[in-house]
Amino acid sequence: MKKEIEKAYNAKKYEDSLYKKWEESGAFSPKIDKSKKPFTIMMPPPNATGQLHLGHAMMLAIEDIMIRYHRMKGDPSLWLPGTDHAAIATQNKVEQELAKKGITRHDLGREKFLKEVRAYVKNSQGTIRRQIRKMGSSCDWTRERYTLDDGLSKVVEDVFVKMYKDGLIYRGDRIVNWCPRCHSTLSDDEVDYKSENAKMYWIKYGPFVLATTRPETKLGDTAVAVHPKDKRYKEMIGKKYQIPGVLGDFEVIVVGDKAVDPEFGSGAVKVTPAHSFTDFEIAQRHNVPVKKIIDEDGKMMENCGKYEGMTTAECRKEILKDMEKMGLLEKVEDYEHKLSVCYRCGSSIEPLTSKQWFVDVNKKAKRLNNKTLKEKSLEVVKDGSIKIIPSRFNKTYFHWMENLRDWCVSRQIWWGHRIPVWYCKKCGEVHVSGDKPIKCSGCSHKEFKQDPDTLDTWFSSGLWTFSTLDWPNGEDYKYFHPTSVLETGYDILFFWVARMILMTTYATGEVPFKNVYLHGLIRDKNGEKMSKSKPETCIDPLDMIDKYGTDSVRLSLVIGGTPGNDMRVYEEKISGYRNFINKIWNSSRFVLMNLDEEDLQIEFNPKMIKSLADKWIVSRLNEIIKESTKDIEKHRFSDAGMKIYDFFWSEFCNWYLEISKGDLQNKAILKYTLETLLKLLHPFTPFVTEVIWGELKKEKMLISESWPKPDPKLAFAKEEKSMQRILNIVSAIRRARADYNVPPGKQISAAIYSKYHKDLEAQREPIMRLARLEELEIKEKGKKLPKSKAVMLPHIEIYIPLEEMVDVEKETLRLKKEIESLKEYIEKIDSKLNNKGFLNNAKQELIDQEKIKKEDANNNLQKLEKELKEL
RNA sequence: GGGCGAUUAGCUCAGUUGGUUAGAGCGUCUGGUUUACACCCAGAAGGCCAAUGGUUCGAAUCCAUUAUCGCCCACCA
């Protein structure tokens, strides 16, 4: 009984249940097999806060392609999913929710607030899990992890303690980026810059006149810096001056520092060490005192006299008024500068000094073979232990790493890993350990207060590749680490990738991953960043899945993209791939209609290859297997997908299936080709291929099938060429018909004269059917048919009698045009072949090729000229 | 200020180590109910590969300069 499936593929009908079937089959969970090399990907944790967006969807599609491919190849393939607590981001989100009810986190208190956050995270985790499944991601849910799981938290504490003991973590009173809104420090990378139109104030400053954009910081000035070689100020270096200020005179010391640009402004800079990174560094170099005047709320401190309690903005207004009164303000200019803002909430950053925990990136450690964290992290990329794709990001990475400053890891927010540090309540002694100490080593007191701060979220995500695998003793860790590929967007190269390298090489002595594949960012139709504020161009992957099916969405996110380059995504693109999915469905439908129950049992073997068309399709397929495999291995997913797509649609559907409608139908090859194509397509479009696989009555699911291997026995180069000639003949006749508007229903006749006449004779049936001929003469040589249109292919003459339809004038024109372009072509080849340089330098193979081209072209030229004469 | 990327058909993009008469999809045009598919089939039109110069027998591809657009980094107060 022949099988008939629905007329169009209905993704919704199959996807969810199929996913469940895969998951329940255990196919997602790899078994440790020490005789095999594993393939591992750690899924970058999507923020526990958000909805799945196209960026995630692309990441999932690319990673799933790799995992499904390796799984089919037989590698124990682990794709570990998980979520991140996303400290600041999550806390902000919950605070926003609370704010709607008029509550702050302080109203609730730490414990109650954390309870709220946990509830929120639990909910969003559920959402993101469902959405990851929607994308068809074949990740191992049995190994799912969350950064705040007990095991992972333990690793975080252990690594912190270890680093402290190795002297790589210290507590220091240093300048940090402070977000007054989040009420927390931020690392250098968590600061964004925004252009802003500001004012430059020139102020009289004792013996100096100098420019500043922040006059209110004058209250914290302790020095004036000049370039050491600046003649104007050279004599003043080292001297102290009394500067008149709005709160009375204050003292500054003049220091010479190369950081000052003598060309800019007046060449003299006021130094506010507590509230500017540059100034802090200058102050450190010259032992200048640090005077903090702005507090953690962004308000002026008690040492600011009448300005105490004002915000910096308020203070600036007032102080300018006062300066003006005192005649200290010389002039005001417009000035554009970069304002630093918090990457999470957009508030402007207040640099200030604060007692915080830092990771020392410039200290040599035994554990790192006496290298620093920075040196080690540079080394593993330089020596190729880690390969970044595309490689141009090496430079970016090196530059960032070389200029990395000590990393402030303490945060004053509540959501996250508590810093494993305990202070003795009596003597204040610092104890660094995961568990609360039993008694103080300094004074034997037994009561302690834990450091109220939490760790930077990137501290824990830096450990992601191994904290998820039960490091250091777990079987999974020993087998699956280092991971094979880290796939993520280039926008988090610094935040995450670099820190994983830094943390993992230190903690485990291994690299976290061997390859880093950086994908580009998704843009909208106009090339702009996609954002919910532009709903016309913003695309929600879930809507698209609902409308076009997951397979279509996956393809549209993979094909056309190259690593590191941004990609535009819009609905028409997705619907285009939906058409392809439907094409897969319908061609399979056709094959199934031609196979009966028994045919489904046929197992392919090369003896079943019969016709020229069979050899051609099998050989071409063999080639596609070879090429797409190579492309996937080299991370060229788009190329692989595109090649399979092209082959499927044009060679398989448009030619082979059409040929199969005639005498040459070969069910075995039809089945073999389709099955192999389903395997090749499966990593890209897992759902539709698996559904069809089921229709083919397979025992094993496609997800667990093995990846096709190219077979040299299935390569038929000669037959490929000879089949190509048939296809060219059919196309030529079709073109002739179209030229003369021959109604498709009308059957015409043709004569073909060629030295290949024997081969052609064997293909008489498909040629006649595909070109819609009622009569066909095939001979080695023959006379031109009267009143016919002539088409010349290499060593093939085709005459199509079109009688009254032949328009002599039109035909003359066409022939002339063709002769002209042929002549140009020959000239071009001639210039190559007459060029001594070419003959001396080019490969012989290439020269021979050119000669053949010329011969063929000449041949055609002669025939066309003859044809023109006889017209 | 430094670094990186993009610039190829009307649109979106391929083009892997230099050698194809420069490709695809969408869109456009002309036809079309043929053993699956109109989410389809057959055919066509459409390109000085941003500009200039160089290397080479040979350049969309390598080098230099320029232009436009975009991104990243940076302590010019």
Side-chain angles (χ1 to χ4, degrees), chain A residues 4-5 7-9 193 200 210-214 225 259-261 263-272 276-282 337-338 390 392-393 395-396 399-400 403 490-491 493-494 520-521 523 525 527 548 552 559-562 564-570 572-573 575-594 630-631 634 636 638-639 642 645-646 653-654 657-658 660-662 665 731 734-735 737-739 741-745 769-770 772 821-822 824-825 828-829 831-832 835-843 846 849-850 853 857:
Chain A
E4 193 150 338
I5 57 179
K7 260 190 120 168
Y9 175 59
Y193 296 91
M200 176 79 92
L210 42 75
T212 179
T213 50
R214 299 195 63 188
V260 180
D261 177 0
E263 304 293 319
F264 189 87
S266 63
V269 189
K270 65 188 217 47
V271 178
T272 322
S276 150
F277 275 82
T278 328
D279 294 3
F280 185 81
E281 280 162 19
I282 292 175
H337 80 146
K338 295 262 159 65
R392 67 182 139 92
F393 282 98
K395 213 168 172 176
T396 320
H399 182 257
W400 182 85
N403 293 292
Y490 65 75
D491 54 331
L493 178 63
F494 304 144
L521 272 29
R523 322 222 133 226
K525 200 174 180 161
Y548 301 108
S552 322
I559 295 188
T562 42
N565 293 327
D566 296 353
M567 184 171 59
R568 298 183 193 205
V569 176
Y570 40 91
E572 296 91 306
K573 202 168 183 175
S575 74
Y577 287 110
R578 184 271 320 268
N579 297 353
F580 176 60
I581 301 299
N582 194 239
K583 190 74 184 174
I584 300 174
W585 178 260
N586 265 292
S587 49
S588 304
R589 178 168 184 258
F590 173 81
V591 173
L592 281 163
M593 284 166 75
N594 281 282
K630 196 169 145 201
D631 284 337
K634 301 219 158 177
R636 297 189 298 241
S638 171
D639 288 1
M642 208 146 30
Y645 174 105
D646 281 346
C653 292
N654 292 349
L657 288 191
E658 289 308 318
S660 291
K661 291 176 182 173
Q665 185 178 88
S731 294
R734 283 173 175 172
R735 212 172 302 129
R737 294 181 65 115
D739 273 359
N741 293 322
V742 179
R769 188 162 42 81
L770 297 180
R772 319 203 106 238
S821 81
L822 253 181
E824 271 171 42
Y825 179 48
K828 214 166 147 184
I829 301 174
S831 71
K832 270 190 201 173
N835 186 329
K836 261 193 188 161
F838 177 73
L839 295 174
N840 291 337
N841 294 309
K843 278 185 217 153
L846 198 76
Q849 248 176 54
E850 293 295 319
K853 276 191 211 162

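Reminder, nothing fancy here: chain letters follow the sequence lines and each chain counts from 1. Please read these numbers as outputs of a predicted model, since none were measured by experiment.
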Report, as a single string ordered 5' to 3', how protein heavy atoms within less than 4.0 Å touch nucleotides 70-77 of chain B: B base, S sugar-phosphate only, - not at all. ---SBBBB

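- Using N1 to N3 plus N6-O4 or O6-N4 for Watson-Crick, or N1-O2 and O6-N3 for G-U wobble, each under 3.5 Å, B:rA67 pairs with B:rU7.
- If you take atom P in B:rG19 and the same atom in B:rC72, they sit 35 Å apart, rounded to whole Å.
- Between B:rG27 and B:rU21, the two P atoms lie 30 Å apart (nearest whole Å).
- You'll find that the side chain of A:R578 is closest to B:rC39, out of B:rC41, B:rC39, B:rG43.
- Looking at heavy-atom distances under 4.0 Å, A:G576 makes no contact with the nucleic acid at all.
- The closest donor-acceptor contact from the side chain of A:D566 to the backbone of A:G520 lies at 3.5 Å or more, if one exists at all.
- Checking B:rU56 for Watson-Crick or G-U wobble geometry (two distances, each under 3.5 Å) identifies no partner in any strand.
- Using a 4.0 Å cut-off, no side-chain N or O of A:K832 falls inside it from OP1 or OP2 of B:rC57.
- When heavy atoms are screened at a 4.0 angstrom cut-off, A:R772 is found touching base atoms of the nucleic acid.
- Comparing A:R392 and A:D739, the nucleotide of RNA chain B nearest to each residue sits closer to the 5' end for A:R392.
- Side-chain contact between A:R734 and A:R772: absent, with no pair of heavy atoms (C-beta onward) separated by less than 4.5 Å.
- Stacking is found between A:Y825 and the pyrimidine-like six-membered ring of the B:rU21 base under the 5.5 Å centre-distance and 30° plane-angle cut-offs.
- Among the nucleotides B:rC57, B:rC41, B:rG43, the one closest to any side-chain atom of A:N835 is B:rC57.
- Under the 4.5 Å side-chain criterion, counting only non-hydrogen atoms from C-beta, A:D261 is not in contact with A:V269.
- Here A:F580 lies out of heavy-atom contact (under 4.0 Å) with every strand.
- At the heavy-atom level, A:K828 lies under 4.0 Å from the strands shown only through sugar-phosphate atoms.
- Checking A:S821 against A:M642, the closest nucleotide of RNA chain B that is more toward the 5' end is the one next to A:M642.
- A gap of 12 Å separates the P atoms of B:rC13 and B:rA6, to the nearest Å.
- Of the candidates B:rA42, B:rG43, B:rA14, B:rA42 carries the atom nearest the A:N654 side chain, counting heavy atoms from C-beta on.
- Using a 4.5 Å heavy-atom cutoff, the side chains of A:Y577 and A:Y645 are in contact.
- Here A:Y490 pairs with A:F393 under the ring pair (Phe, Tyr, Trp, His ring centres under 6.0 Å) rule; sequence neighbours left out.
- Within the shown strands, nothing qualifies as a pairing partner of B:rU34 under the Watson-Crick or G-U definition with both distances less than 3.5 Å.
- The shortest distance between side-chain heavy atoms of A:I584 and A:Y9 does not fall below 4.5 Å.
- Judged by distance alone with a 3.5 Å cut-off, no donor-acceptor contact links the side chain of A:K395 to the base of B:rC4.
- In terms of polar N and O atoms assigned as donor or acceptor, the side chain of A:E658 never comes within less than 3.5 Å of the base of B:rA42 in a complementary pairing.
- Using a 4.0 Å cut-off between charged side-chain N and carboxylate O, A:E572 and A:K525 make a salt bridge.
- The partner of B:rU16 is absent, by the rule that a Watson-Crick or G-U pair needs both atom distances under 3.5 Å.
- Between the side chain of A:R568 and the base of B:rU12, no donor-acceptor pair under 3.5 Å is found.
- A:K634 comes within 4.0 angstrom of no nucleic acid atom, judged by non-hydrogen atoms across all strands.
- The side chain of A:K583 places an N or O atom within less than 4.0 Å of a non-bridging phosphate oxygen (OP1 or OP2) of B:rC41.
- Taking a pair to require two hydrogen-bonding distances under 3.5 Å in either a Watson-Crick or a G-U wobble arrangement, B:rC76 remains unpaired.
- A:K525 comes within contact range of no nucleotide atom at all, as no heavy-atom separation falls under 4.0 Å.
- As judged by a 4.0 angstrom heavy-atom cut-off over every strand, A:R737 is placed among residues making no nucleic acid contact.
- In this structure, A:T562 reaches the B:rA14 phosphate: one of its side-chain N or O atoms is under 4.0 Å from OP1 or OP2.
- Between A:W585 and A:I5 there is a side-chain heavy-atom pair separated by less than 4.5 Å.
- Both distances falling under 3.5 Å, in either a Watson-Crick or a G-U wobble arrangement, place B:rU28 opposite B:rA44.
- Annotation: side chain of A:W400 is not in contact with side chain of A:T396 (no heavy-atom distance under 4.5 Å).
- Only the P atoms considered, B:rC4 is 14 Å distant from B:rU66, to the nearest whole Å.
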